[in-house]
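See below for the structure under consideration.
Each chain gets a letter, A, B and so on, in the order its sequence line appears, and its residues count up from 1.
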There are 2 protein chains.
Amino acid sequence: MKIAVDAMGGDHAPVEIVKGVDIALQKFPDLEIILYGNEKLIKQTLTSKERVSIVHTEEKIYSEEDPVLAVRRKKDASLVLAAKAVKDGEAAAMVSAGSTGAVLTAGLFIVGRIEGIERPALAPTFPTANGKGVVLLDVGANAECKPKYLQQFAIMGSIYAEKVRGVKNPRVGLINIGTEENKGNDLAKATFDLLKESKLNFVGNVEPREILNPPADVLVTDGWTGNMVLKTTEGVASTLFKMMKETMTSDWKSKLAAAILKPNLKKLKKRMDYEEEGGASLFGIKSPVIKAHGSSDANAFYNAIRQAKIMAGVNLAEEISKAISE
Amino acid sequence: MKIAVDAMGGDHAPVEIVKGVDIALQKFPDLEIILYGNEKLIKQTLTSKERVSIVHTEEKIYSEEDPVLAVRRKKDASLVLAAKAVKDGEAAAMVSAGSTGAVLTAGLFIVGRIEGIERPALAPTFPTANGKGVVLLDVGANAECKPKYLQQFAIMGSIYAEKVRGVKNPRVGLINIGTEENKGNDLAKATFDLLKESKLNFVGNVEPREILNPPADVLVTDGWTGNMVLKTTEGVASTLFKMMKETMTSDWKSKLAAAILKPNLKKLKKRMDYEEEGGASLFGIKSPVIKAHGSSDANAFYNAIRQAKIMAGVNLAEEISKAISE
């Protein structure tokens, strides 16, 4: 299995990206990687000698750039070359920690949408208190949505949960401001009706109060709302952990107590760590496109590659095509 | 100053409500309270002898009821009577821990909207890491909004922050999925333009990642999004505190360490406690209507009364009328 990696995307590129590639190559003997980026810089870090090749390019996309213009104009950008490799069948999937907009654009316009899919969706696996995680979509590919799009998100999320995450008969929930059937804005109400009539295992509305303990395996919403829920969760969790840390270092007694608790608290923080879950997948695209977190370190990027590998091993596009046409 | 209190609303009514009233009467020698509800039950708890009266009624509104129908039909419900007292000028403000929908309906249809206000907004003061709090609106009065509504929310929030919370030249932020000017859905983009042109101290878009450290004193959004941000924050904070507690009681060493940290952790939890900030105000209504948290205990309800008292002491409706007509 060959995976294309954009070596130049993300805050810690290319060093942490390349280190993540090294880990992945060590763990998976059947994996091959093509790295796109500055060969000289990549080689400064890369330790793997086998199953890895570098396609040198000096062009890359910056996060401040307009993603659509950048992907169109910079034909030799590392991200664009990686996406082209997937399009041309040279690689089975691609991974980038570059800007979300650019990865979305490259996935949509270069790799291409699955026929019948109205809109692709960006879908991370969200950490939950029980450690099982929940697939949340869309978290930002589409700020404005129609009920039909959300219905397709539900189908894609359900297939992903079953085929990639191994959840039997995945429970699909609709994010809403109340649990009752008649709750919400116009979009939520219309989507509720579509999901209720579908063949999915629809469990009804889920309030974001339950985001870390959701009674569902897949949570569906529009990209605006999903992005709000995602960013609020990240913000609240990171601020609370920071405040906790301040509390625990405020005097010597607290420091002593914190030292005792440290191993358990580390475990807790890890359980709530997004990066352990890999990246966000772009659903509805012909081949797996994974957007790793911009701040990915080697381990986070390794997890994103692992996820791409699992996704490429299942023919998701075909499953999705079949389900959509039904 | 006379305040009308719905003694029968909330999960712990009337006991905790009445206890909260007792605290408020003790703390504020110039305060008078009219309690609406079951006299016999109220008297079982009430210790105050002076500056308090009870208007007996056996009718009350249940949280499962359709709020509009319930407020219309149950003319003698404790909430309805309290709202009528405000309308008739018998009380300067009202407080209820009843269902949000019913309090909204009573405020809107009985107390009445300020002329020129398109939609009232529900506005809690959100706790922040620095302890100063931020006024967030709307959190659920209007699931569907127009840019004009959000502009009015910004004006009302700004007046509240200045007159009630004592913030000079309050910074107003727009909740959005990115900080750049061109970000967001259609509503956010159009609202951005309106706020930019206004006389408000508009500081631009604020991502919900910063919800506990916001670079603003007032955060404006539609009721759907505000409710999402509010409930996500509540859910994540309460789950993390719970997980933290589990971690700290997992073995005897952790328990020992936790005992040392307890006083500081309690302080931290209190800093993040919504109930310390009083209730959510209904902005755009002729007199102050405060919705206390449904799970309010005596102290939380006391804080909501305190807030109503401060609000009634400032002529907000007039200030808002003036600003809107400009």
Evaluate the side-chain proximity of [Y] to [X]: yes if any heavy-atom separation is below 4.5 Å, no if none is.
| X | Y | result |
| --- | --- | --- |
| B:Asn264 | A:Asp251 | yes |
| A:Glu210 | B:Thr239 | no |
| B:Leu268 | A:Glu246 | no |
| A:Met228 | B:Ile175 | yes |

Okay, B:Ile211 and chain A: the region with an atom under 4.5 Å from a heavy atom over there is side chain
Toward chain A, the part of B:Asp186 with a non-hydrogen atom under 4.5 Å
both
Return the set of residues passing salt bridge (charged side-chain N to carboxylate O under 4.0 Å, His left out) with A:Arg171 (not counting sequence neighbours), or none when no residue passes.
A:Asp217
Can you name the residues that form a salt bridge (charged side-chain N to carboxylate O under 4.0 Å, His left out) with B:Glu207, not counting sequence neighbours?
A:Lys231
What residues of residues 141-151 of chain B sit under 4.5 Å from chain A when only non-hydrogen atoms are counted?
B:Ala143, B:Glu144
For B:Phe153, give me all partners under ring pair (Phe, Tyr, Trp, His ring centres under 6.0 Å), at least two apart in sequence or on another chain.
none
As an exercise: rank B:Lys253, B:Met243, B:Glu180 by heavy-atom pairs under 4.5 Å with chain A and give me the winner.
B:Met243
Only one of A:Leu212, A:Val229, A:Thr225 passes side-chain contact (heavy atoms from CB on, under 4.5 Å) with B:Thr232, and that residue is A:Val229
